[in-house]
Engineer: 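Structure provided below as structure tokens; questions to follow.
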Amino acid sequence: MHNTICKNLEQLNERIAAVCKKAGRDPAEIHLVAISKLKPNSSILEALDCGQFHFGENRARELQQKMEQIDKEEIRWHFVGPMQTNKIKYMVERVNWIQSIYKKKYHKEIEKRASRMDKVINTLVQVNISGEDQKQGCRPEDVSGILEHAQSLKHVRVRGLMGMATYAAEPDKVRREFKLLKDTFEKNKQYNSGSVQLEHLSMGMTNDFEVAIEEGSTMIRVGTAIFGEREYE
Ligand SMILES: *Cc1c(COP(=O)(O)O)cnc(C)c1O
């Protein structure tokens, strides 16, 4: 098992290097967040042993439990799932990144909770690039308002945008959706001021990270290719 996760990480890094070479990009620009949802703590510890430090979860409760149980200072925890205002209080105690902000009210709550703990939480604004109703995220045209509001916050740092393409769609469609996120990112750089400093584009998962890197991703969120298939969802 140990060997499997290490080997998977190695193979993944080789694939990242290969697509970077093809796209004329530096692999050092691509940050890997290992999505460990529904996987046991032991798998996270194995990946940590192989040099993986960033981990992501998509359920607030599961993240909270793992952050408590796995007491490793070197881990950087990301939340990538559906936001719930009442979970933010507990989340900010340990989380480093919240990737799924799509309303001002979540930033307001993070500001309030994080200020009491004297922390600064990195966030990404999640954009619904696939247009599917069941996907979270704001519309591309709503990003500017969220950024303007965040500029003056002291305990939130907006570091970029996040998006999910239609699952297992044909590559052209996926590519168009990633282009939309990149385009939204470029258009909103004019809001870089104060706590808003757009530098990251979080896009690409096991199925589509190669297309995402070709389209400018700087952060990929990969679960299955590292930890294997999930039992249920
Ligand atoms: C599950 C999940 C991923 C990773 O998915 P894989 O297909 O297993 O790589 C990435 N991002 C989010 C938001 C997820 O919920």
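Read the numbers this way: they start at 1 and go in the same order the structure lists the ligands and their atoms. When a residue number appears, it is its place in the shown sequence, counting from 1. Every value quoted in this text rests on a predicted model; they were computed, and no experiment measured them.
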Engineer: Could I get the full list of side-chain contact (heavy atoms from CB on, under 4.5 Å) partners for Lys187, not counting sequence neighbours?
Structural biologist: Asp183
Engineer: Going by the order shown, which atoms of ligand 1 are within less than 4.0 Å of some heavy atom of Val222?
Structural biologist: 9 (O)
Engineer: Judging by distance only, is a nitrogen or oxygen of Tyr167 under 3.5 angstrom from one on ligand 1?
Structural biologist: no
Engineer: Is it true that Ser202 and Gln99 share a donor-acceptor pair across their side chains at a distance under 3.5 Å?
Structural biologist: yes
Engineer: Are Asn122 and Arg159 close enough that a side-chain donor and a side-chain acceptor fall under 3.5 Å?
Structural biologist: yes
Engineer: May I ask you to list the atoms of ligand 1 that are less than 4.0 angstrom from any heavy atom of Asn58?
Structural biologist: 15 (O)
Engineer: If I apply the N/O under 3.5 Å rule, does Val80 come out as touching ligand 1?
Structural biologist: no
Engineer: Under 3.5 Å, is there a donor-acceptor pair linking the side chains of Ser115 and His155?
Structural biologist: no
Engineer: Near Thr224, which atoms of ligand 1 are under 4.0 Å from a heavy atom of that residue?
Structural biologist: 6 (P), 7 (O), 8 (O), 9 (O)
Engineer: Quick one: which residue pairs count as a ring-ring contact (aromatic ring centres under 6.0 Å, His included) with a foot in residues 71-93, not counting sequence neighbours?
Structural biologist: His54-His78, His78-Trp97
Engineer: State whether Lys179 and Glu215 are salt-bridged, where the test is any N-O pair (Lys NZ or Arg NE/NH1/NH2 against Asp/Glu carboxylate O) under 4.0 Å.
Structural biologist: yes
Engineer: Determine, considering heavy atoms only, which of Arg221, Lys39, Gln126 sits nearest to atom 12 (C) of ligand 1.
Structural biologist: Arg221
Engineer: Any heavy atom of Arg230 closer to ligand 1 than 4.0 angstrom?
Structural biologist: yes
Engineer: With a heavy-atom distance limit of 4.0 Å, tell me whether Gln99 approaches ligand 1 through its side chain, its backbone, both, or neither.
Structural biologist: neither
Engineer: Which ligand 1 atoms, with their elements, are less than 4.0 angstrom from a heavy-atom of Gly223?
Structural biologist: 4 (C), 6 (P), 8 (O), 9 (O)
Engineer: Answer yes or no: does atom CD of Glu229 have more than 12 heavy-atom neighbours from other residues, nucleotides or ligands under 6.0 Å?
Structural biologist: no
